[in-house]
Amino acid sequence: MKAILLGLGLNLLLSGAALANQNGYSFISVPHEDVDAHLVPGSDKSETPDSLQGLWWMDGNPLPDEVVSMAGAKFTPVLEDGRVVGHEAYLPVYDEGVWTWHDSKEGEALYSAVRKFRLVYHIVFNTDFTEGTVYPTLEKWPTNKVVEIPASMLLSFTMKQVSPDEYSRDSVILGQPSQYRFRRIVDSQGRRLPVYQEYVASIKARGLTNALLPVCRDPHLKSDLPTVCASR
């Protein structure tokens, strides 16, 4: 199932682009167990909601990406008749400090596709951030038209909080369901939580070595996320 979903994910994203020359980004390769030194944990400083702060391990994710930060997602209220009914944000998946990719042919191919089509996650949560839906948006080339993929019986991506430090990530791709867990491994202060050791053990058990991280090369780079490279 893992191999099928990996192939499907790569095909859906049309991963034919080369990894080189990713429009303003260069890449560093670091040991998976040290990625917390290179990602930006969500925190009060980044205005990340408490429930989503820190760094999150995608435990059981079938694709070659591993850890994510919500620091680059700027949440705003969703209003209906003047009443707040939820919160939403847009997260550039390909940006610096946001995601880690396996430093492998599969990881390189997936990142290349994500960058080529400027994959952005439109994330919509309920009022208390216990349930959310992720809507992928792609930039069609060469028209640069942004297309958001709606949720349906054939394709959907949801998040449901199962504990203060864990979400269930449920997906349906072409009608086939799959599930893995978002597990908080670093808190908002950058401190490793006990589950970090489970993450490291999983990395070693799978024989993974390094993680690939994009770095914005723009000389006018600010410390805030999203970076200037993501706004192009």
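A heavy-atom distance below 4.5 Å is not found between the side chains of Val186 and Leu193. Inter-residue side-chain proximity for Asp165 and Val195 is flagged as unmet; no heavy-atom pair is nearer than 4.5 Å. In this structure the side chain of Thr158 reaches within 4.5 angstrom of the side chain of Thr133, judged on heavy atoms. When side chains are defined from C-beta on, Tyr167 counts as touching Ser51, because their heavy atoms get closer than 4.5 Å. Taking 4.5 Å as the limit, some side-chain heavy atom of Leu79 sits within range of a side-chain heavy atom of Val84. Here the side chains of Asp95 and Tyr25 are in contact, with some heavy-atom distance below 4.5 Å. Using a 4.5 Å cut-off on side-chain heavy atoms (C-beta onward), Leu91 and Val134 make no contact.
Closest of all the heavy-atom pairs between Ala71 and Val40 is CB-O, 3.4 Å. When all heavy atoms are compared, the tightest approach of Ser69 to Gly97 is CB-O, 3.7 Å. Closest of all the heavy-atom pairs between Tyr196 and Asp36 is OH-OD1, 3.0 Å. Closest approach of Phe75 and Ile123 over heavy atoms only: CE2-O, 4.1 Å. Residue Pro41 comes nearest to Gly190 through the heavy atom pair CG-CA, 4.3 Å, listed as atom of the first residue, atom of the second, then distance.
Both Val35 and Ile28 are members of a single hydrophobic cluster when ILVMFWY side chains are connected at heavy-atom separations under 4.5 Å. Under the 4.5 Å side-chain contact rule for hydrophobic residues, Tyr90 and Val78 do not share a cluster.
Under a 3.5 Å cut-off, the side chain of Asn126 and the backbone N or O of Glu131 do form a donor-acceptor pair. At distances below 3.5 Å, at least one donor-acceptor pair connects side-chain atoms of Tyr199 with backbone N or O atoms of His32. Checking side-chain atoms of Glu96 against main-chain N and O of Cys216 turns up a donor-acceptor pair under 3.5 Å. Panel note: side chain Ser171, backbone Ser178; no donor-acceptor pair is recorded below 3.5 Å. With Arg169 contributing its side chain and Gln179 its backbone, the two residues share no donor-acceptor pair below 3.5 Å. At distances below 3.5 Å, at least one donor-acceptor pair connects side-chain atoms of Tyr111 with backbone N or O atoms of Tyr94.
Distance check: Met70 CE to Phe129 CZ gives 10.5 Å after rounding to the nearest 0.5 Å. The OG atom of Ser156 sits 8.0 Å away from atom CG of Asp170, with the distance rounded to the nearest 0.5 Å. Taking OG from Ser29 and CD from Glu108, the interatomic distance works out to 9.0 Å, rounded to the nearest 0.5 Å. Atom CD of residue Glu166 and atom NZ of residue Lys160 lie 13.5 Å apart, to the nearest 0.5 angstrom.
The aromatic rings of Trp99 and Tyr121 sit perpendicular to each other, their planes meeting at more than 60°, with 30° as the lower class boundary.
Sorted by first then second residue, the side chain to side chain donor-acceptor pair (under 3.5 Å) pairs that include residues 74-86, not counting sequence neighbours, number zero.
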Under 3.5 Å, which donor-acceptor pairs do the side chains of residues 52-60 form with other protein atoms, sequence neighbours left out?
from, atom 1, to, atom 2, distance (Å)
Gln53, OE1, Ser188, OG, 3.4
Gln53, NE2, Asp44, OD1, 2.8
Gln53, NE2, Thr48, O, 2.9
Gln53, NE2, Asp50, OD1, 3.3
Trp56, NE1, Leu52, O, 3.1
Trp56, NE1, Gln53, O, 3.3
Trp57, NE1, Glu66, OE2, 2.9
Asp59, OD2, Arg183, NH1, 3.1

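With side-chain heavy atoms closer than 4.5 Å counting as contact, directly or through intermediates, the hydrophobic cluster containing Tyr135 also holds Val124.
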